[in-house]
Amino acid sequence: MLKAIYGTKDVLPKDIEKWNYVEDIVKKIFTSFNYKEIRTPIFEETGLFSRSIGEETDIVSKEMYTFFDRGETSVTLRPEMTASVVRAFIEHSLANQSSLNKLFYIASMFRQERPQAGRLRQFHQFGAEVLGSASPLLDAEIIILAYTILKSLGLKDITVKINSLGITSSRKAYIEILKEYLEPHLHELSEDSRKRFEKNVLRIFDSKSENDIQIMKDAPKLIDHLDDESKQEFQIVQNILQAEQIPFIVDSSLVRGLDYYSKTTFEIVSGKVGSQSALCGGGRYDGLIELLGGTPNYGVGFAAGIERIILALQNEKTELPGNSVLDVYVVLLNKELLNEYYLFATALRKNNFKVEIDYLSRSVKAQMREANKLQTKVVVLFGGDEFAENKIVIKNMDTSSQQVIPLEEAGKEILLSLGA
RNA sequence: GUGGGUGUAGCUCAAUGGUUAGAGCGCUUCCCUGUGGAGGAAGAGGUUGCGCGUUCGAAUCGCGUCACCUACCCCA
């Protein structure tokens with residue numbers, strides 16, 4: 001049997017309302033913060049991602065869908081959105097049109113990982129990128145925005161974690177200090193952590209090995225080695241979050257995996273989605289625009305995983321909207337009146353009723369069963385004896401009461417039944 | 001990429017190596033000539049994921065492969 005590609009999923013009609021629910025709220029809240037939507041191609045030149053995300057990261061080194069097009073260009077399905085947005089920002093000189101660009105997106109991403117709970121090879125994110133300001137107010141706003149969206153969706157069991165990575169120079173200095181501390185313990189660390197020591201020392205803080213955790217407990221903390229500017233700005237971010245009554249914890253082990261982050265980083269995690277607990281992550285990336293060839297400028301943003309959010313909503317047993325019910329089902333009693341039947345249903349649809357009819361030439365009983373299954377509120381029986389006098393039967397499915405009415409009063413009577 | 005678990009009807013699941021692979025739900029029709037929900041009856045629906053092997057005989061055992069679930073790495 002033909003099947004969807006490994007690690008991809010269809011969203012069937014019975015689930016689509018959940019997606020619309022999430023996307024509607026996301027758009028509404030972004031709009032209220034005056035963020036403008038941006039759409040970019042789902043693939044880019046490979047170099048864009050390898051330069052911005054970092055050659056050594058897992059994403060670039062083993063997870064990208066990369067191929068050559070018919071020319072000799074190496075192209076890659078986007079594994080994340082920030083690089084594409086920044087590319088578009090530079091390419092279209094958005095900085096010259098407006099000194100501050102507040103952008104959002106809802107889009108598919110692609111990473112060739114082993115699928116598991118809350119992880120797919122094609123997945124969906126919504127997110128924001130604010131380009132053009134170094135203000136910590138925006139670091140805070142990004143967190144507030146993400147938190148507000150998740151809360152508005154109905155999530156309860158979520159935790160905001162924040163940290164500051166400092167500017168590049170102070171982080172580099174700290175990494176040397178950390179390495180010095182770890183050097184004598186190197187042989188005690190787990191195999192994974194010994195690899196991390198080479199590739200990204202900061203990640204050792206994330207280790208799940210009991211022994212590693214013990215060793216890291218006494219390690220020097222990044223937060224104690226921040227440059228003054230980052231320290232001050234991190235304090236401002238915390239002050240705003242407190243003023244806005246956003247609960248958060250400072251997690252000095254929160255290190256984001258992409259090379260371009262600096263200063264504020266944050267993550268929002270759920271206790272309800274298995275081991276892939278991060279619903280949302282982001283932070284500041286002040287060097288990225290310059291790195292990608294633009295005039296130096298500031299950036300801060302976040303991305304949130306829609307599949308994980310829907311999973312969390314389901315596991316929290318949050319009431320999600322089901323498929324909306326039908327207003328009217330029109331039953332055809334006399335097959336010879338097919339044209340009139342169809343015209344009648346179309347007229348109702350033009351009056352904004354949600355209408356279904358029988359396309360399968362089924363028996364009256366089968367049509368009634370269908371109407372019942374579709375949970376329609378009103379059934380119109382069309383084309384019976386009373387049709388000779390231009391009349392139809394209208395039946396209220398909740399009360400089972402029905403009446404014969406003139407054709408031209410159909411709209412009015414249906415409205416009455418729907419209101420009742 | 002690594003480890004563990006699982007693949008049987010649309011869905012949830014049965015079936016000691018032995019007849020024609022079953023059940024519940026769902027679907028279609030009928031009982032009911034122009035009326036839903038409850039009940040009864042009948043029907044449709046399967047390459048037992050795929051391939052190779054062991055065997056007189058494989059859904060069942062072995063190997064391989066693919067997929068799904070889950071954990072690790074990492075991330076949304």
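Heavy atoms only: backbone and side chains are in, while hydrogens, waters and symmetry mates are out. Below, read A as the first sequence line, B as the second, and so on, with proteins coming before strands; counting in each chain starts at 1.
For C72(B), the OP1/OP2 oxygens have a side-chain nitrogen or oxygen of Lys208(A) closer than 4.0 Å. For Gln116(A) and A71(B), the shortest distance from a side-chain N or O to OP1 or OP2 is below 4.0 Å. The phosphate of U70(B) has neither OP1 nor OP2 within less than 4.0 Å of any side-chain N or O from Arg119(A). In this model, the phosphate group of U28(B) is not approached by any side-chain N or O of Arg369(A) to a distance below 4.0 Å at OP1 or OP2.
For A67(B) and C30(B), the C1' atoms lie 41 Å apart once the distance is rounded to whole Å. Comparing A44(B) with G7(B), their P atoms are spaced 28 Å from each other, to the whole Å. If you take atom C1' in G46(B) and the same atom in U33(B), they sit 38 Å apart, rounded to whole Å. To the nearest whole angstrom, the two P atoms, one in C73(B) and one in G64(B), are 27 Å apart.
Base contact: Asn372(A) has a heavy atom under 4.0 Å from a base atom. If you check every strand for non-hydrogen atoms under 4.0 Å, Ala371(A) touches nothing. Base contact: Leu333(A) has a heavy atom under 4.0 Å from a base atom. At the heavy-atom level, Gly127(A) lies nowhere under 4.0 Å from the strands shown. Residue contacts shown for Gly7(A) are limited to sugar-phosphate atoms, with no base heavy atom under 4.0 Å away. Nucleic acid contact for Glu113(A): base, since at least one base atom lies under 4.0 Å from a heavy atom of the residue. The residue Val393(A) sits close to a base: some heavy atom pair falls under 4.0 Å. Among the heavy atoms of the strands lying under 4.0 Å from Asp385(A) is at least one base atom, whether or not backbone atoms are also near. Across all strands shown, Lys395(A) has heavy atoms under 4.0 Å from base atoms, whether or not it also approaches the sugar-phosphate. Among the protein residues, Leu120(A) comes within range of the nucleic acid bases, having at least one heavy atom under 4.0 Å from a base atom. Using a 4.0 Å heavy-atom cutoff across all strands shown, Gly384(A) reaches at least one base atom of the nucleic acid. Across all strands, Pro115(A) comes closer than 4.0 Å to base atoms (heavy-atom distances). Across all strands, Glu307(A) comes closer than 4.0 Å to no nucleic acid atom at all (heavy-atom distances).
Using N1 to N3 plus N6-O4 or O6-N4 for Watson-Crick, or N1-O2 and O6-N3 for G-U wobble, each under 3.5 Å, A67(B) pairs with U6(B). Pair assignment for U48(B) gives none, since no Watson-Crick or G-U wobble pairing has each distance under 3.5 Å. In this entry G17(B) has no Watson-Crick or G-U wobble partner, no candidate having both defining distances under 3.5 Å. A41(B): Watson-Crick or G-U partner is U29(B), with both key distances under 3.5 Å. Nucleotide G53(B): paired with C61(B) (Watson-Crick or G-U wobble, both distances less than 3.5 Å). For C73(B), there is no paired nucleotide, since no Watson-Crick or G-U wobble pair has both relevant distances below 3.5 Å.
Mapping Ser400(A) and Ala303(A) onto RNA chain B via the closest heavy atom, the residue that lands nearer the 5' end is Ser400(A). Of the residues near RNA chain B, Asn200(A) and Ile5(A), the one whose nearest nucleotide (by heavy atom distance) lies more toward the 5' end is Ile5(A).
In this structure, Asp206(A) atom CG and A71(B) atom P are separated by 17 Å, rounded to whole Å. The separation between Gln402(A) atom CD and U35(B) atom P is 10 Å, rounded to whole Å. Taking atom CD of Glu63(A) as the reference point, atom P of C72(B) lies 15 Å away to the nearest angstrom. In this entry the distance linking NZ of Lys199(A) with P of C74(B) reads 8 Å, nearest Å. A straight line from CG of Leu12(A) to P of C11(B) spans 11 Å, rounded to a whole angstrom. We find that CD of Gln112(A) is positioned 11 Å from C1' of G1(B), with the value rounded to whole Å. Whole-Å rounding puts the Lys14(A) NZ to C11(B) P distance at 10 Å.
Considering only heavy atoms from C-beta on, Asn334(A) stays 4.5 Å or farther from Phe387(A) through its side chain.
In terms of polar N and O atoms assigned as donor or acceptor, the side chain of Arg114(A) comes within less than 3.5 Å of the base of U2(B) in a complementary pairing. Not a single donor-acceptor contact under 3.5 angstrom links the side-chain atoms of Arg111(A) to the base of C74(B). Donor-acceptor pairing under 3.5 Å, judged by distance alone, is present between the side chain of Glu386(A) and the base of G34(B). Between the side chain of Gln367(A) and the base of U35(B) there is no donor-acceptor pair of N/O atoms closer than 3.5 Å. Residue side chain Arg308(A) reaches the base of C75(B) through a donor-acceptor N/O pair under 3.5 Å, judged by distance alone.
Between Lys221(A) and Asp224(A) there is no salt bridge, since no side-chain N of the basic residue sits under 4.0 Å from a carboxylate O of the acidic one. With respect to Lys9(A) and Glu307(A), no salt bridge is recorded, no charged nitrogen being found less than 4.0 Å from a carboxylate O.
The Lys9(A) side chain lies nearest to C69(B) when the options are G37(B), A67(B), C69(B). With C27(B), C75(B), C73(B) as the candidates, the nucleotide lying closest to the side chain of Lys62(A) is C73(B). Of all nucleotides listed (A67(B), U70(B), C27(B)), A67(B) comes nearest to the side chain of Lys3(A). Across A67(B), U70(B), U28(B), the shortest atom-to-atom separation from the side chain of Glu370(A) is found for U28(B). Considering only side-chain atoms of Arg362(A), the nucleotide from U35(B), C73(B), U28(B) that sits closest is U28(B). Listed candidates were C27(B), C30(B), C75(B). Nearest to the side chain of Ser363(A) is C30(B). With C75(B), G34(B), C68(B) as the candidates, the nucleotide lying closest to the side chain of Val364(A) is G34(B).
Here the shortest heavy-atom pairing between Val255(A) and Arg203(A) reads O-NH2, 3.1 Å. Across all non-hydrogen atoms, the minimal contact from Asn297(A) to Gly132(A) is OD1-CA, 3.1 Å.
Taking the six-membered ring where tryptophan is involved, the planes of Tyr341(A) and Phe382(A) are tilted, since the angle between them lies from 30° to 60°. Using cut-offs of 30° and 60° for the angle between ring planes, the Phe67(A) and Phe43(A) rings count as parallel. Using cut-offs of 30° and 60° on the angle between ring planes, the pair His225(A) and Tyr174(A) is tilted. Ring orientation note: the planes of Tyr285(A) and Tyr261(A) are nearly perpendicular, at an angle over 60° on the 30°/60° scale.
Side-chain rings of Phe104(A) and Tyr35(A) stay apart, their centers remaining 6.0 Å or farther from each other.
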